Amino acid sequence: MLYAIIDIGSSTVRMAVYNINYGKIEMLMKKKHTLGLAAYVKDGKLQQSGIDKLCNILNEFRDFLNDFRIENVSAFTTAAVRNAKNSSAVIDELQSRTHIPVRIITGDEEAEFDFIGVMREISAKTGIIIDAGGASTEVIYYKNSAIEKKTSIPLGALLLHTKYVEDFLPSSDEISDMQKETIAALLTLKDFTGIKITDICGIGGTAKSMRLLYNNIFTLPDANACMEVKNFDEIINRYTRDQQMTQEHIVTLLKTAPDRLQTIIPGIVLINTVCHHFGADHFIYSDTGMREGFIYDQIINKNKL
């Protein structure tokens, strides 16, 4: 069965088409638009200009699905719409203008789907998973292959850039401000007090771009998924606005993170701060996550496919 998943995130809007057979999924293709929806939130409300651009993207996706006779579609949105004061009105407008039903995923649901997706790909029975998005970061602590604690903090790469960074790349002072806010948010997680873990698993677009940049800088194979936390400060310092950047450094960034030039360093600052907070030595990227978890939980299990 062909099934399309549309994921309306705070930074990107993605559509992936899967072939689902006998409980197994195969991704056939994906399309992505870098919209930066979180940047269209003003005074707590998603602005009409952002809604209009999102409708244009969804209508493009709808036309594609109609052409290829793909009738099974699930669309969901996360923090950018979830946290907006006008979220209900936004969902109603998306439905009326695109005829695609869009579901708001709660922070708890997002963490749950992240966990289900990742646990099908990793062997560690105990650990921490983080999904650093554009406007929120999900943190899951699991033990004996079961969730012990999960939460969503209202901080993400795009949100930090929008709030603190005046240019494409952050200054030293702006990096310090982002670190302070991230630490303050982590200190509110009383249920996570005292948890220390050697390896943290990261998922999502920020972690993916970070992996590409890391492997390029440290001359590692493209397939490498394990990053040493002690090296993150070097990456951040290399791309700090008020530091000297070589042409080689600039070329590396442009080649590896062209869609995330504004958000990649704030994202690394956030991830680096989370890793230090939990005492992690390694950050390991996983290519599966919420979309796959959503498919297994909401489509395969519920429909017994």
Side-chain angles (χ1 to χ4, degrees), residues 5 7 9 14 16 18-20 22-27 30 76 78 105 107-133 136-153 156-157 186 189 191-192 194-215 218 220-232 267-268 270-301 305:
I5 301 292
D7 179 359
R14 300 169 183 266
Y18 296 86
N19 188 22
I20 303 176
Y22 302 104
K24 296 182 179 180
I25 64 175
E26 176 191 10
M27 182 189 291
K30 59 183 175 181
F76 52 77
T78 52
I105 298 292
D108 272 355
E109 286 177 321
E110 192 169 356
E112 192 85 38
F113 297 146
D114 285 339
F115 176 75
I116 292 169
V118 169
M119 291 307 291
R120 289 183 171 266
E121 297 295 328
I122 64 174
S123 57
K125 303 299 183 184
T126 299
I128 288 176
I129 300 166
I130 64 170
D131 181 359
S136 71
T137 297
E138 282 58 55
V139 183
I140 305 112
Y141 173 63
Y142 65 97
K143 189 175 181 180
N144 297 324
S145 299
I147 293 178
E148 285 277 311
K149 308 172 193 298
K150 60 183 177 181
T151 191
S152 179
I153 57 176
L186 290 168
L189 307 182
D191 287 347
F192 288 79
I195 293 176
K196 298 296 178 182
I197 203 80
T198 302
D199 299 336
I200 286 180
C201 177
I203 61 176
T206 297
K208 181 176 183 178
S209 294
M210 182 177 173
R211 189 268 298 262
L212 294 172
L213 183 60
Y214 184 97
N215 287 345
F218 296 104
L220 294 167
D222 291 344
N224 173 63
C226 182
M227 294 162 269
E228 293 190 65
V229 174
K230 67 181 182 180
N231 292 328
F232 292 170
I268 295 175
L270 189 157
I271 289 171
N272 187 38
T273 306
V274 172
C275 287
H276 280 289
H277 180 77
F278 291 112
D281 295 322
H282 303 101
F283 182 69
I284 302 167
Y285 170 71
S286 172
D287 200 33
T288 59
M290 190 179 72
R291 286 189 298 276
E292 289 77 15
F294 180 91
I295 290 172
Y296 283 116
D297 187 69
Q298 298 291 299
I299 300 171
I300 293 176
N301 290 345
L305 297 177

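As the structure is a prediction and not an experimental result, all values here were calculated from the model.
- In this model, no donor atom of one side chain and acceptor atom of the other lie less than 3.5 Å apart for Tyr214 and Glu228.
- A donor-acceptor contact closer than 3.5 angstrom links the side chains of Asn224 and Asn215.
- Ile271 contributes atom CD1, which lies 12.0 Å from atom NE2 of His276 (distance to the nearest 0.5 angstrom).
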- request: Could you give me the CA-CA distance, side-chain angles and deciding distance for Tyr142 and Phe115, then say whether ring-ring contact (aromatic ring centres under 6.0 Å, His included) is met?
  value: CA-CA 9 Å; Tyr142 65 97; Phe115 176 75; 5.7 Å; yes
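- By the 4.5 Å heavy-atom criterion applied to side chains, Asp297 and Glu112 are not counted as neighbours.
- In terms of modelled atom types and a separation under 3.5 Å, the side chain of Gln298 and the main chain of Ile295 share no donor-acceptor contact.
- Side-chain contact between Asp281 and Val229 is absent, with no heavy atoms from C-beta onward closer than 4.5 Å.
- Of all heavy-atom pairs spanning Ser286 and Ile203, the tightest one is O-CG2, 3.6 Å.
- For Asp131 against Gly204, the heavy-atom pair with the smallest separation is OD1-CA, 4.0 Å.
- Salt bridge status for Arg291 with Asp7: present, with a side-chain N to carboxylate O gap under 4.0 Å.
- Looking at heavy atoms from C-beta onward, Glu292 lies in side-chain contact with Met27 at the 4.5 angstrom threshold.
- Side chains of Glu110 and Ser136 form a contact here, defined as non-hydrogen atoms less than 4.5 Å apart.
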query: Would Phe232 and Phe283 satisfy side chain to side chain contact (heavy atoms under 4.5 Å, CB included), going step by step from the backbone distance to the final call?
result: CA-CA 10 Å; Phe232 292 170; Phe283 182 69; 3.7 Å; yes
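- Between the OH atom in Tyr285 and the CG atom in Leu212 there is a gap of 8.0 Å [rounded to 0.5 Å].
- The CD1 atom of Ile128 sits 5.0 Å away from atom CD1 of Ile200, with the distance rounded to the nearest 0.5 Å.
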message: Quick one, Val118 with Cys201, criterion side chain to side chain contact (heavy atoms under 4.5 Å, CB included). Give me CA distance, side-chain angles, the key distance, then yes/no.
response: CA-CA 9 Å; Val118 169; Cys201 177; 3.8 Å; yes
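- Met227 contributes atom CE, which lies 8.5 Å from atom SG of Cys275 (distance to the nearest 0.5 angstrom).
- Atom OG1 of Thr151 sits about 10.0 Å away from atom CG of Leu186, to the nearest 0.5 Å.
- Summarising the geometry of Ile284 relative to Cys226, their closest heavy-atom pair is CG1-SG, 4.1 Å, with the distance given to 0.1 Å.
- With a 6.0 Å cutoff to the six-membered ring centre and a 45° limit on the axis angle, Arg120 counts as a cation-pi contact of Tyr296.
- In this structure, Lys196 contributes its side chain and His277 its backbone to a donor-acceptor pair below 3.5 Å.
- Closest approach of Arg211 and Ala223 over heavy atoms only: NH1-O, 3.8 Å.
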field: Working for side chain to side chain contact (heavy atoms under 4.5 Å, CB included), residues Ile25 and Asn19
entry: CA-CA 6 Å; Ile25 64 175; Asn19 188 22; over 6 Å; no
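- Rounded to the nearest 0.5 Å, atoms CG (Leu270) and CD1 (Ile130) are 7.0 Å apart.
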Candidate pair Ile268 and Leu213, rule side chain to side chain contact (heavy atoms under 4.5 Å, CB included), full reasoning: CA-CA 10 Å; Ile268 295 175; Leu213 183 60; 4.1 Å; yes
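- Using a cutoff of 4.0 Å between basic side-chain nitrogens and carboxylate oxygens, Lys150 and Glu138 are not scored as salt-bridged.
- In this structure the side chain of Lys149 reaches within 4.5 angstrom of the side chain of Ile195, judged on heavy atoms.
- The six-membered or imidazole ring of Phe294 lies near that of Phe76, with a centre-to-centre distance under 6.0 Å.
- With a 4.5 Å cut-off on side-chain heavy atoms, Ile299 and Tyr18 do not count as touching.
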